Amino acid sequence: MSPGGVLSTTESRPPRKPEARKPPSPRPPGPFRPEFWRSPLRGPWLTSFLGTLLVPTITVIAITGFISHWAYHPELAGNATINPSFDIPVFFQFPQSWPSWDYAVTQGTHVTLGLMTLPLVLAKLWSVIPKLFRWPTVRNLAGAIERVSLLLLVGSVLVEFFTGILAVENYYPLGIDFYSIHYYGAWVFGTMFVLHACVKFPVVRRAYRDRGVLKPLRAGLRETRPEPPGPSGLAPVNPAAPTISRRGLLAMVGGASLTVFAVQAGQSIGGPFRQFALLAPRGRVFGTGTNDFQVNHTAASAQITEAMTGPGWRVTVVGTTTKALSREQLLAMAQATETLTISCTEGWSTTQHWTGVRLIDLAGAVGAPSGAILRAVSLETNGPGTNVALAHDQWSDERALLALRVNGADLSLDHGFPARVIVPGVPGVHNTKWVRELRFEPA
Ligand SMILES: Nc1nc2c(c(=O)[nH]1)N[C@H]1C(S)=C(S)[C@@H](COP(=O)(O)O)O[C@H]1N2
Ligand SMILES: [Mo]
């Protein structure tokens, strides 16, 4: 209506019919009412602070995740279930001059920090839960886009945790393709996380300007006050009395993370620390004597029998010539002993003293084409590590072995007897057990 009724034409318009506008659907009860959410801790500051803590954490998890992906050499056929044409170029590869436990450090960090971040992510989701019940659910197109992007953000982070935790537990139900789900899921999550951080940056800045970055942490329970309700809908309109301070909440989250660290880090570090790894999926007795260290996949589960690995066993080594070598012939070649770490993508690692023939010596014996990759094939026909491509840098490392013995004794059947590949700084799964064939293929 024009001020003062200057435009008399408005009066001549027919009165608006009430049905012309859809009446808003009534707000459902319960969590859809703002009064339902009463925690006096929720508010833009708390959410901003939890979100800020996630920035460096997620960054480290993402970087170590990519390092793992590149350590697989996903561009070599068979190594990853990723289509290389839907991938970004490799940015970083471990130099072979680094210690053999380099991958154990980055992957241990990826898995341990990833698990430790779960309490923080849950706290962050808790802090924004009233938004899930916003009413009306979608107001307009911009609102719809926002909702879909949040669905992708939250959905993908849950997928990453779910698949990650299943992998740590060495459990792959329904034959799920862990590698591609976790990898493409990371792209979705990473993209949405960066977008979300950019979109929310002004909110975070305002929250820190209004309340200070750390000031709310100085308040004990008695001084804990709710943040004033505002358009974000995070702070309660009807706050209950606090039962914990904000720093108490953060201490709880931190304590949960440290507990996860205490029961997980041991299996990433390996050795005696493994005893503390209550989250380790496997038992603690693996073999006898010097072969007593953990086994991921046993010979029985791989359907490897004594008969397949008996005196008739040969490893076929293919270069420009081909040789079929018995275990005796391998033992008659120059033997090398190296202390090398197997570090599984699932987050555990073990360091042992391996003895066998250097892969470069085998390459020399059959005349490997220059710059060749090495394809290692197992007697086991299916499963992890059974058909692996090692990059030239990886197999031509002085320390890389076709191991026949470990810690001074013959390999046990579970550890890959008659021979297994051991290469420093590769994902554990690339240390093929029960080797049947080594092919030096032109790159
Ligand atoms: N043939 C074969 N090689 C294999 C595996 C396997 O299941 N079969 N497991 C791989 C994985 S996932 C790891 S981490 C290392 C060490 O596993 P292990 O403890 O079973 O020896 O061996 C790798 N080599
Ligand atoms: Mo593994």
Side-chain angles (χ1 to χ4, degrees), residues 68-69 71-72 78-81 100-101 103-104 106-108 110-111 163-164 166-172 175 177-179 182 267-268 270-271 274 277 280-288 290-305 308-309 313 315 340-354 356 359 374-390 394-395 400-407 409-438:
S68 174
H69 177 56
Y72 269 84
N79 281 356
T81 52
S100 87
W101 38 264
Y103 181 79
T106 62
Q107 191 59 12
H110 182 74
V111 172
T163 53
L166 287 185
V168 172
E169 296 306 320
N170 192 22
Y171 178 55
Y172 302 92
D177 179 2
F178 166 75
Y179 198 116
H182 200 69
Q267 66 163 325
S268 293
R274 197 181 159 89
R282 294 165 281 278
R284 294 209 186 105
V285 180
F286 309 98
T288 52
T290 61
N291 272 277
D292 183 11
F293 57 94
Q294 64 271 22
V295 177
N296 201 352
H297 307 112
T298 59
S301 74
Q303 296 176 312
I304 298 294
T305 59
M308 299 158 82
T309 56
W313 175 86
V315 61
L340 299 174
T341 301
I342 295 181
S343 166
C344 179
T345 316
E346 292 157 359
W348 61 269
S349 71
T350 183
T351 302
Q352 308 295 339
H353 312 290
W354 308 90
L359 293 177
L374 171 58
R375 185 162 296 279
V377 186
S378 174
L379 287 171
E380 185 188 359
T381 44
N382 238 315
T386 52
N387 186 334
V388 160
L390 292 160
Q394 293 179 325
W395 68 258
L401 301 177
L402 180 65
L404 307 164
R405 297 163 64 77
V406 63
N407 303 321
D410 286 347
L411 287 175
S412 67
L413 195 57
D414 281 341
H415 284 304
F417 183 88
R420 81 175 299 169
V421 168
I422 293 285
V423 177
V426 301
V429 62
H430 283 185
N431 297 300
T432 303
K433 302 196 285 188
W434 313 295
V435 175
R436 170 167 71 83
E437 194 173 328
L438 293 175

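Read the numbers this way: they start at 1 and go in the same order the structure lists the ligands and their atoms. Values in this document were obtained by computation on a predicted structure and should not be read as measured data.
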Residues that Thr305 engages under side chain to side chain donor-acceptor pair (under 3.5 Å), provided they are two or more places apart: none
Thr345 side chain to Tyr179 side chain, donor-acceptor N/O pair below 3.5 angstrom: no
Euclidean distance, Ser68 OG relative to Tyr103 OH, rounded to 0.5 Å: 2.5 Å
Separation of Trp354 CH2 from Leu404 CG (nearest 0.5 Å): 11.5 Å
Interatomic distance, Arg375 atom CZ to Thr432 atom OG1 [nearest 0.5 angstrom]: 10.0 Å
Donor + acceptor pair across side chains of Asn296, Asn170 (<3.5 Å): yes
Residues in the immediate environment of ligand 1 (any heavy atom closer than 4.0 angstrom): Gln294, Val295, Asn296, His297, Ile342, Cys344, Trp348, Ser378, Glu380, Pro384, Gly385, Thr386, Arg420, Gly428, Val429, Asn431, Thr432, Lys433, Trp434
